[in-house]
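For reference, the structure discussed in these notes is given below.
Position 1 is the first residue of the sequence; numbering continues from there. FYI, side chains are in, hydrogens and waters are out, and symmetry mates aren't considered; it's all heavy atoms of this structure.
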Amino acid sequence: ERVSLNPFQNKWSPRMLCKGFRSPSAVRTRSQSSFTITATGCSNMGRRMNANPMGLLHEDFQFEFMGICEICQKYNKQTYETDWLGKVIPEVLPNGIVINITNRIADRDWVIYTVEGEATGINGEYNNNYVMVMRLKEGKIIFFQEYMSDLLAETRLHKKKIVDIK
């Protein structure tokens with residue numbers, strides 16, 4: 001399953017990302033789901049999608065890109081849309097990113113995805129692995145933490161180098 005997502009125009013697909021959120025019992029699946037985040041719009045297997053993901057976010061929503069890196073910080077609902085999706089992601093991944101969901105664990109209040117990313121950053125191949133942890137409140141996402149290799153983010157997205165210490 002391949003879905004084009006476009007955070008740059010705030011047209012992420014909540015239908016695809018939140019699949020399984022309201023499951024009353026714990027579920028763990030291995031999935032072939034794939035999301036493509038680009039600057040050209042949303043589509044699912046070539047079909048255009050017009051979902052409004054911001055409606056899925058609770059008014060007290062908090063997002064944090066975890067780690068120690070230039071773009072690792074916290075965002076609220078407004079800054080997640082304007083800064084993270086509107087500025088940060090387009091600057092570091094101008095050609096978008098494919099996110100392949102490899103596992104999903106969900107219950108009534110929590111969803112955890114493990115995903116493999118495929119992209120090209122400003123300093124080369126950026127194929128990072130992620131864990132996305134989300135908590136729900138009143139049927140909406142209130143909390144979202146994204147874990148990844150901050151070392152890979154720094155070296156591929158910000159032209160930083162690893163230096164041996166002798």
Side-chain angles (χ1 to χ4, degrees), residues 1 3-38 42 51-93 96-119 121 126-158 160:
E1 185 171 22
V3 178
S4 291
L5 303 174
N6 186 349
F8 319 120
Q9 294 175 5
N10 304 316
K11 292 181 181 175
W12 250 56
S13 170
R15 240 179 351 197
M16 299 307 297
L17 187 59
C18 301
K19 208 188 303 186
F21 269 28
R22 294 201 174 114
S23 172
S25 59
V27 176
R28 183 172 189 268
T29 61
R30 179 136 180 105
S31 148
Q32 297 287 330
S33 296
S34 179
F35 301 86
T36 304
I37 301 174
T38 68
C42 301
N52 176 15
M54 298 312 288
L56 274 179
L57 305 181
H58 191 277
E59 64 185 28
D60 297 324
F61 173 80
Q62 294 290 311
F63 170 75
E64 186 172 7
F65 195 62
M66 303 298 292
I68 301 170
C69 68
E70 210 169 299
I71 60 174
C72 293
Q73 57 186 333
K74 293 180 181 180
Y75 299 87
N76 62 29
K77 185 175 180 177
Q78 180 183 347
T79 58
Y80 177 73
E81 181 177 16
T82 59
D83 298 349
W84 179 253
L85 297 179
K87 296 175 186 168
V88 174
I89 296 301
E91 287 173 8
V92 298
L93 297 171
I97 183 170
V98 174
I99 296 178
N100 300 298
I101 297 173
T102 55
N103 288 290
R104 176 178 50 236
I105 302 168
D107 70 11
R108 182 175 303 276
D109 299 321
W110 290 91
V111 176
I112 301 170
Y113 287 113
T114 58
V115 300
E116 297 171 349
E118 300 173 38
Y126 178 68
N127 295 339
N128 216 334
N129 295 316
Y130 303 85
V131 174
M132 297 177 177
V133 178
M134 296 171 225
R135 185 167 51 97
L136 304 175
K137 182 177 180 181
E138 300 166 357
K140 295 187 176 193
I141 303 167
I142 190 166
F143 170 85
F144 178 6
Q145 285 182 322
E146 188 171 320
Y147 296 84
M148 52 60 229
S149 168
D150 50 7
L151 179 62
L152 188 60
E154 287 295 277
T155 58
R156 294 297 190 245
L157 302 180
H158 300 289
K160 295 183 180 177

### Heavy-atom pair of closest approach, residues Gly96 and Ala119
O-CB, 3.5 Å

### Query
Could you go step by step and tell me if Tyr126 and Leu93 meet the side-chain contact (heavy atoms from CB on, under 4.5 Å) rule?
CA-CA 9 Å; Tyr126 178 68; Leu93 297 171; 3.9 Å; yes

### Query
Where do Thr114 and Val131 come nearest, in terms of heavy atoms and distance?
CG2-CG2, 4.1 Å

### Task
Taking all heavy atoms of Ala106 and all of Val111, pick out the closest pair and write down the distance.
CB-CG2, 4.1 Å

#### Entry: Heavy-atom side-chain proximity of Glu81 to Lys77 below 4.5 angstrom
no

### Task
Check for a donor-acceptor pair, side chain of His158 on one end and backbone N or O of Lys160 on the other, with a separation under 3.5 Å.
no

### Query
Are any non-hydrogen side-chain atoms of Leu136 and Arg108 less than 4.5 angstrom apart?
no

#### Entry: Stepwise side-chain contact (heavy atoms from CB on, under 4.5 Å) check, Met132 with Ile101
CA-CA 10 Å; Met132 297 177 177; Ile101 297 173; over 6 Å; no

### Heavy-atom side-chain proximity of Val115 to Thr102 below 4.5 angstrom
no

### Query
Can you tell me how far the CG atom of Leu151 sits from the CG atom of Asn128, to the nearest 0.5 Å?
9.5 Å

### Query
Where do Glu116 and Asn129 come nearest, in terms of heavy atoms and distance?
CG-OD1, 3.4 Å

## Note on the structure
Taking every heavy atom of Cys69 against every heavy atom of Glu154, the minimum-distance pair comes out as CB-OE2, 3.1 Å

### Query
Under 4.5 Å between any side-chain heavy atoms of Glu146 and Phe63, yes or no?
yes

### Task
Could you point out which residue of Met134, Arg135, Gln62 forms a side chain to side chain contact (heavy atoms under 4.5 Å, CB included) with Ile142?
Arg135

### Query
Is it true that Glu59 and Lys140 have a side-chain N and a carboxylate O under 4.0 angstrom from each other?
no

#### Entry: Nearest atoms (heavy-atom pairs only) where Phe61 meets Ile141
CD1-O, 3.4 Å

### Query
If you measure only the distance, is there a donor-acceptor pair under 3.5 Å linking the side chains of Asn100 and Glu118?
yes

### Task
Can you measure from CG (Leu85) to OG1 (Thr79) and round to the nearest 0.5 angstrom?
10.0 Å

### Query
Can you find a heavy atom in the side chain of Arg156 that is under 4.5 Å from one in the side chain of Ser149?
no

### Query
Of the options Phe144, Tyr75, Trp84, Tyr80, which is the one that meets Phe65 in a ring pair (Phe, Tyr, Trp, His ring centres under 6.0 Å)?
Trp84

### Task
Any chance you could lay out the side-chain contact (heavy atoms from CB on, under 4.5 Å) test for Ile97 and Ile99, step after step, and finish with the verdict?
CA-CA 6 Å; Ile97 183 170; Ile99 296 178; 4.2 Å; yes

### Message
Is any side-chain heavy atom of Gln73 closer than 4.5 Å to one of Glu64?
### Response
no

